[in-house]
Amino acid sequence: MGERAEEFLSSFNRIEKWFREQLNNPTNMGFSEMVRRLSRKKDSQIPLFQDDLLQMAQLRNAIVHEQISTDFVIAEPNEWAVNRLLEIEKSLISPETVLPRFSKKVTGFDVNISIKEILTIVARKQYSQFPIYDDGIFKGLITVRGLGIWLAVESSKGDIQLEGRKASELLVSNYKGSNYQFVSKDTTVFQVEEMFVTQVKLEAILITKDGNPNGSLLGIIRPRDLYNNLEKE
């Protein structure tokens, strides 16, 4: 048997073992049926790979069951098939988590910071997210988008008066909605992608060690960060 076939079968067997563990070791359940069962599970990545996995199962059967002799197989997987299977195995069994990829120093701001000062920071440092705290307790996330809506609403009332206006006022505005979520450092990148897809108001995901909103911020993810991790905050 060729080296590629051995590598392919090893990866296939590891995936199959993992599938069995996910389904509490069912007896007499074939690979394809396990794929279909696991595809129906909530938050499963398997639908992304279902078609490929079912084709890989056919290739695996050809390698294993159609051997003419121990050292000669009719079907030999090509390089693409081996690499694709290894890629799927990594995504399923050891998926990438949000850290270290989205690790960054995130500045928190006091609830009593003035709106004037926030606007100055936006102009000077181009910050787009302001996590707001009151004595270490997380109160909400002010974003440039929310700030823009607040300014538009205020300007519709006449000249905008900024003197004495504080961040706390932005947090009670109705634009806020559920524009943020907290996740733990062990959350997978796939789970984060799903959150942005399913929660339309989500503007940022904040990372703490265990997902506790009052914990130290270890990173922040905006939708564009998923596709462009080169842009600096």
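Numbers here simply count residues along the sequence, with the first being 1.
Side-chain atoms of Glu7 and Ser10 include no donor-acceptor pair closer than 3.5 Å. Looking at Thr143 and Gln129, their side chains never bring a donor and an acceptor atom within 3.5 Å of each other.
Side-chain contact check for Thr107 versus Ile121: every heavy-atom pair is 4.5 Å or farther apart. Residues Ser91 and Phe49 are in side-chain contact: their nearest non-hydrogen atoms beyond the backbone lie under 4.5 Å apart. Contact annotation: the side chain of Arg222 never approaches that of Glu203 to less than 4.5 Å [non-hydrogen atoms, C-beta and beyond]. Side-chain atoms of Leu206 and Pro131, non-hydrogen and from C-beta on, do get closer than 4.5 Å to each other. Side-chain atoms of Arg4 and Glu79, non-hydrogen and from C-beta on, do get closer than 4.5 Å to each other. For the pair Leu85 and Leu59, the minimum side-chain heavy-atom distance is 4.5 Å or more. The shortest side-chain heavy-atom distance between Gln45 and Pro95 falls under the 4.5 Å cut-off. Side-chain contact between Met34 and Glu16 is present, with heavy atoms from C-beta onward closer than 4.5 Å.
Open room surrounds CG on Asp159; 12 or fewer heavy atoms of other groups in view lie less than 6.0 Å from it. Shown here is Glu163, whose CD atom has no more than 12 heavy atoms of other residues, nucleotides or ligands within 6.0 Å. Within a 6.0 Å radius of CG in Asp210, more than 12 heavy atoms belonging to other residues, nucleotides or ligands are found.
Listed for the Asp225 side chain is no donor-acceptor partner under 3.5 Å among the backbone atoms of Ile221. Remark: side-chain polar atoms of Ser44 are not paired, donor with acceptor, to backbone N or O of Arg40 under 3.5 angstrom. With hydrogens and angles ignored, the 3.5 Å screen pairs a side-chain donor or acceptor of Thr187 with a backbone N or O of Ser184. Within the 3.5 Å criterion, the main-chain N or O of Ile137 finds no donor-acceptor partner in the side chain of Asp134. Not one N or O on the side chain of Lys105 forms a donor-acceptor pair closer than 3.5 Å with the backbone of Leu217. Of the possible polar contacts, one joining the Ser39 side chain to the Val35 backbone as a donor-acceptor pair under 3.5 Å is found.
Each of Val200 and Ile149 belongs to its own hydrophobic cluster when Ile, Leu, Val, Met, Phe, Trp and Tyr are linked at side-chain heavy-atom distances under 4.5 angstrom. Residues Met195 and Val197 fall into different hydrophobic clusters, defined by Ile, Leu, Val, Met, Phe, Trp and Tyr side chains chained together at heavy-atom separations under 4.5 Å.
Ring centroids of Phe31 and Phe19 are separated by less than 6.0 Å, placing the two rings close together.
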side-chain hydrogen bond (donor to acceptor under 3.5 Å, both in side chains) between Gln191 and Thr188, worked out: CA-CA 5 Å; Gln191 287 171 310; Thr188 67; 3.2 Å; yes
Steps toward side chain to side chain contact (heavy atoms under 4.5 Å, CB included) verdict (Ile220, Ile207): CA-CA 6 Å; Ile220 190 167; Ile207 308 163; over 6 Å; no
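Atom CG of Asp110 is separated from atom NZ of Lys139 by 11.5 Å, given to the nearest 0.5 angstrom. Here the straight-line distance linking atom CH2 of Trp150 with atom CD1 of Ile118 works out to 9.5 Å at 0.5 Å rounding. Within the model, atoms CG of Leu141 and CD1 of Ile205 stand 11.5 Å from one another, a figure rounded to the nearest 0.5 Å. Within the model, atoms CG of Asn179 and CD of Gln199 stand 11.0 Å from one another, a figure rounded to the nearest 0.5 Å. Distance check, rounded to the nearest 0.5 Å: CZ of Phe12 to CG of Leu86 gives 13.0 Å. Taking NZ of Lys185 as the start and NZ of Lys209 as the end, the distance is 6.5 Å to the nearest 0.5 Å.
For Val189, the side-chain contact (heavy atoms from CB on, under 4.5 Å) partners two or more places apart in sequence, or in a different chain, are Glu96, Arg101, Phe102, Glu193, Leu226. Applying the side-chain hydrogen bond (donor to acceptor under 3.5 Å, both in side chains) criterion to Asp52, with sequence neighbours excluded, gives Arg84. The side-chain hydrogen bond (donor to acceptor under 3.5 Å, both in side chains) test applied to Glu33 returns Arg37, not counting sequence neighbours.
Looking at every heavy atom in both residues, Gly215 comes nearest to Tyr133 through O-OH, 4.3 Å. Of all non-hydrogen atoms in Ser155 and Ala152, the two that sit nearest each other are OG-O, 2.9 Å.
Relative orientation of the Tyr180 and Phe182 rings is perpendicular, given thresholds of 30° and 60° on the angle between their planes. In this structure, Phe109 and Phe130 have tilted ring planes: the angle between them lies in the 30° to 60° band.
Residues Glu154 and Lys157 are paired through a salt bridge, judged by an N-O separation under 4.0 Å between the basic side chain and the carboxylate.
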